[in-house]
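In what follows, a structure is listed as structure tokens, so that the remarks can point back to it.
Atoms within a ligand are numbered from 1 in the order they appear, just like the ligands themselves. This structure is a prediction, so every number in the text was calculated from the model and none was measured.
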Amino acid sequence: MTGCTVAIDGPAAAGKGTISKAVARHFGFAHLDTGLLYRAVGAKVLGGASPEAAARALNPDDLENDALRTPAVAQAASEVAAIPAVRQALLEFQRAFAGRDGGAVLDGRDIGTVICPEADAKLFVTASAVVRAKRRFAELSEKGISVTYEQVLADVEARDARDMGRADAPLRPADDAVEIDTSQMSIEDAIAAAVAVIEAKR
Ligand code: C5P
């Protein structure tokens, strides 16, 4: 299976990052977490840069940074992600990654709809806001980041509203995406379901 692009979209903390990594490992594909691109731009904007200039100047080293995982950077990412010039500046990097030999898995919000509309397999990974907030709260607490569950739920809901409500590339399932709702699923079952969908498209 050469040059296969797998597009995995969905809201924050639905499990798409874990599923994408596992799927990439299973098939031997490269993996790009496109949220990191927006987070890296968001972090630079918090540091005083202009969003468009930060997006144009982005380089892969900027993605290797643990500080990109904080709630403040996540909110900044979803704000800069609503700016069309930012999305445009990040488009080419994502398409080049998707087209690499040997297969690629990209996860984000608009991979199946905008970045890779011709992807061989498309998944939309979702879960209820409460389940996603509980998972994100556990993750952040484990990393020693101090937040309350109520704050995390409010952040998840604010980010959903912004990501689904923006005019440019809003979060939505592609017409030909297969939906996996992980609310009641173990992560192992969700990974197995994703692998099965991709196998069926080979
Ligand atoms: O997936 P993650 O939570 O890291 O994404 C951070 C933010 O980046 C999202 O809330 C969303 O606004 C934005 N994003 C996007 N398009 C993508 C990936 C992420 O707009 N393909």
Using a distance-only test with no angle check, is there a side-chain donor-acceptor pair under 3.5 angstrom linking R159 and S78?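 Looking only at side-chain atoms, S78 and R159 do not form any donor-acceptor pair under 3.5 Å.
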Note: ligand 1 atoms sitting under 4.0 Å from heavy atoms of A81 are 12 (O), 13 (C), 20 (O)
For D163, counting its heavy atoms only, list the atoms of ligand 1 lying under 4.0 Å from any of them.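 With D163 as reference, the close atoms of ligand 1 come out as 9 (C), 10 (O), 11 (C), 12 (O).
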I'd like to know if the side chain of [X] reaches the main chain of [Y], judged simply by a donor and an acceptor atom lying under 3.5 Å from each other, with no hydrogens or angles considered.
| X | Y | answer |
| --- | --- | --- |
| R95 | C116 | no |
| T34 | D107 | yes |
| K44 | L58 | no |
| S186 | D189 | yes |

Compute the minimum heavy-atom distance from K16 to ligand 1 and say whether it is under 4.0 Å. yes
Looking only at distance, does [X] have an N or O less than 3.5 Å from an N or O of ligand 1?
| X | result |
| --- | --- |
| R166 | yes |
| Y38 | no |
| R87 | yes |
| R39 | yes |
| T34 | yes |

State the CG-CZ distance between L171 and R166, to the nearest 0.5 angstrom.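 Answer for the CG-CZ pair, L171 versus R166, is 7.0 Å.
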Nearest protein heavy atom to atom 1 (O) of ligand 1, by residue and atom, and its distance?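 For atom 1 (O) of ligand 1, the nearest protein heavy atom is R109 NH1, 2.9 Å.
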If you take the nearest heavy atom of each of R159, R69, E79, which one is closest to atom 10 (O) of ligand 1? R159
So, are R69 and D33 salt-bridged, with charged N and O less than 4.0 Å apart? yes
